[in-house]
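Throughout, protein chains are lettered first and strands after them, A, B, ... in sequence-line order, and every chain is numbered starting at 1. A quick note: this is a predicted structure, and the numbers were derived from the prediction, not measured.
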Protein chains: 2
Amino acid sequence: MLTQKAKYGLKALLMLAQQGGNEFTLVAEIAERQRAPRKYLELILLELRKHGLLHSQRGKNGGFRLARPPAEITFGQIIRVLDGPLAPFPCASLTGYRKCEDCDEHVCAVRKQMRRVRDAVAGILDSTSLADAAAPALAAEVLEPALVSA
Amino acid sequence: MLTQKAKYGLKALLMLAQQGGNEFTLVAEIAERQRAPRKYLELILLELRKHGLLHSQRGKNGGFRLARPPAEITFGQIIRVLDGPLAPFPCASLTGYRKCEDCDEHVCAVRKQMRRVRDAVAGILDSTSLADAAAPALAAEVLEPALVSA
DNA sequence: GTATTACCGAGTCATTCGGTTAGGATTCTC
DNA sequence: GAGAATCCTAACCGAATGACTCGGTAATAC
């Protein structure tokens with residue numbers, strides 16, 4: 001299970017990706033449109049900025065925008081910043097590896113299965129960009145305009 | 001991320017599966033061999049029993065054993081009992097569904113991606129039984145005895 | 001009937017989650 | 001350069017959760 005924090009973060013970045021353009025958007029506006037607590041969202045965006053996923057500008061006309069094109073920001077990156085490793089257990093993680101005290105790495109069958117899970121999850125999240133997630137509505141409209149408008 | 005509880009539980013059940021036979025095994029013995037805190041493990045096994053994955057017997061020569069053959073107990077079942085739903089968010093869960101307050105189900109792109117993750121995770125964990133996880137060492141030995149003993 | 005075990009309820013202690021409060025620093029506009 | 005708008009930083013807080021422990025009760029075998 002991921003945290004509320006990750007959810008707010010994902011939704012915020014996705015919104016920035018969807019609206020396109022390179023202007024700065026206010027925290028207040030993002031918070032309102034995503035129904036997230038303003039101050040809390042601020043913290044989250046700051047954290048994402050610190051990790052290079054967002055750019056920000058202070059003062060009047062300030063705000064946040066994506067630091068890179070939406071196609072180059074993945075769900076995996078965002079979630080790792082906000083919630084930590086994807087793997088079910090630390091001993092099955094690549095980015096946040098920590099060995100278990102209570103079993104032998106090379107034998108532990110539980111770990112083996114959890115590694116499979118990690119690979120599957122990372123396979124999806126690291127190959128899904130904001131652009132990918134934002135696209136389907138548009139893509140569908142191009143392919144099947146009737147269906148979408150119906 | 002799963003909890004320590006789930007890890008202890010998985011390892012305990014896997015041990016019971018691996019040692020085969022239908023005798024009862026003491027909590028104390030499982031705890032020692034898995035390096036789990038005895039009293040805590042007791043709690044965990046009780047919970048698994050309450051959900052029909054284990055049988056127990058009190059008094060002398062008592063203990064725990066699997067309630068069903070290892071091939072009929074999956075990682076998914078165990079984890080759901082001990083840690084709850086597999087999905088990253090409740091709104092993406094089948095077994096523990098709860099709608100989000102803060103977005104529209106049918107549009108939310110984050111939810112769509114999380115549903116993919118859930119499906120992938122459930123696909124693995126619900127189709128991996130204790131027998132599957134216990135088997136590979138044996139299977140490998142049958143297929144490539146030289147490799148394993150080497 | 002006594003030793004052995006699983007069972008049960010409650011309690012503890014540290015950490016994390018989900019925020020809020022209070023203010024400081026920067027930038028724009030006039 | 002004054003003032004407003006905005007991000008930024010740090011500290012704090014209550015409630016929940018995680019990871020256990022303690023002390024006792026009930027069933028079973030011998």
Side-chain angles (χ1 to χ4, degrees), chain A residues 1-12 16 23-32 34-67 79 81-85 88-90 96 100-102, chain B residues 1-12 16 23-32 34-67 79 81-85 88-90 96 100-102:
Chain A
M1 281 277 189
L2 298 179
T3 63
Q4 192 68 17
K5 186 162 148 190
K7 193 164 158 193
Y8 288 147
L10 286 169
K11 287 178 55 178
L16 293 179
E23 325 79 49
F24 290 98
T25 307
L26 301 186
V27 173
E29 190 188 337
I30 304 176
E32 189 186 0
Q34 302 304 326
R35 286 176 216 156
R38 207 218 142 179
K39 275 303 204 174
Y40 192 40
L41 184 62
E42 214 173 303
L43 291 189
I44 295 168
L45 297 184
L46 261 305
E47 212 168 328
L48 291 167
R49 188 196 76 110
K50 207 174 297 180
H51 284 80
L53 300 187
L54 286 175
H55 274 163
S56 63
Q57 176 149 354
R58 299 213 252 197
K60 190 131 199 192
N61 299 330
F64 287 86
R65 64 170 156 82
L66 299 181
I79 291 174
V81 165
L82 298 175
D83 268 21
F89 297 131
C100 342
E101 302 306 319
D102 47 351
Chain B
M1 282 278 189
L2 299 179
T3 63
Q4 192 68 16
K5 187 162 149 189
K7 192 164 157 194
Y8 288 147
L10 286 169
K11 287 178 54 179
L16 293 179
E23 326 79 49
F24 289 99
T25 306
L26 299 186
V27 172
E29 189 187 337
I30 303 176
E32 188 186 1
Q34 303 303 324
R35 286 177 216 154
R38 207 219 140 174
K39 275 303 209 176
Y40 192 40
L41 184 62
E42 211 174 304
L43 232 60
I44 296 168
L45 297 184
L46 260 305
E47 213 169 328
L48 291 167
R49 187 196 75 112
K50 208 174 297 180
H51 284 79
L53 300 187
L54 286 175
H55 274 161
S56 63
Q57 176 152 352
R58 300 213 250 197
K60 187 132 200 191
N61 299 329
F64 287 87
R65 64 170 156 83
L66 299 180
I79 291 174
V81 165
L82 297 176
D83 268 21
F89 297 131
C100 338
E101 302 306 321
D102 46 353

Next item on the list: Look at all strands and tell whether Tyr8(A) reaches a base, only sugar-phosphate, or nothing, counting heavy atoms closer than 4.0 Å.
Entry: sugar-phosphate
Item checked: Whole-Å distance separating the NZ atom of Lys5(A) from the C1' atom of dG19(C) -> 11 Å
Check: Are the side chain of Asp83(B) and the backbone of Leu2(B) linked by a donor-acceptor contact shorter than 3.5 Å?
Finding: no
Margin query: Rounded to whole Å, please give me the gap between CG in Leu2(B) and C1' in dA19(D).
Written below: 15 Å
Next item on the list: Examine the base of dC20(D) for any acceptor or donor lying under 3.5 Å from a partner atom in the side chain of Gln4(B), and report the outcome as yes or no.
Entry: no
Check: Taking NZ, NE, NH1 and NH2 as the nitrogens, is one of them in Glu42(A) or Lys39(A) under 4.0 Å from a carboxylate oxygen of the other?
Finding: yes
Notebook entry, point to check: Does Asn61(A) have a side-chain nitrogen or oxygen under 4.0 Å from the phosphate oxygens OP1 or OP2 of dT6(D)?
Noted result: no
Next item on the list: With a 4.0 Å heavy-atom cut-off, tell me which residues in residues 34-41 of chain B come close to DNA chain C, sorted by residue number.
Entry: Arg38(B), Lys39(B)
Checklist line | Which atom of Phe24(A) lies closest to which atom of Gly62(A), heavy atoms considered | finding: CB-O, 3.6 Å
Check: Does atom CD of Glu32(A) have more than 12 heavy-atom neighbours from other groups under 6.0 Å away?
Finding: no
Notebook entry, point to check: NA contact type, Leu45(A), heavy-atom cut-off 4.0 Å: base, sugar-phosphate, or nothing?
Noted result: nothing
Notebook entry, point to check: Between residues 50-58 of chain A and DNA chain D, which residues have a heavy-atom gap below 4.0 Å?
Noted result: Ser56(A), Gln57(A), Arg58(A)
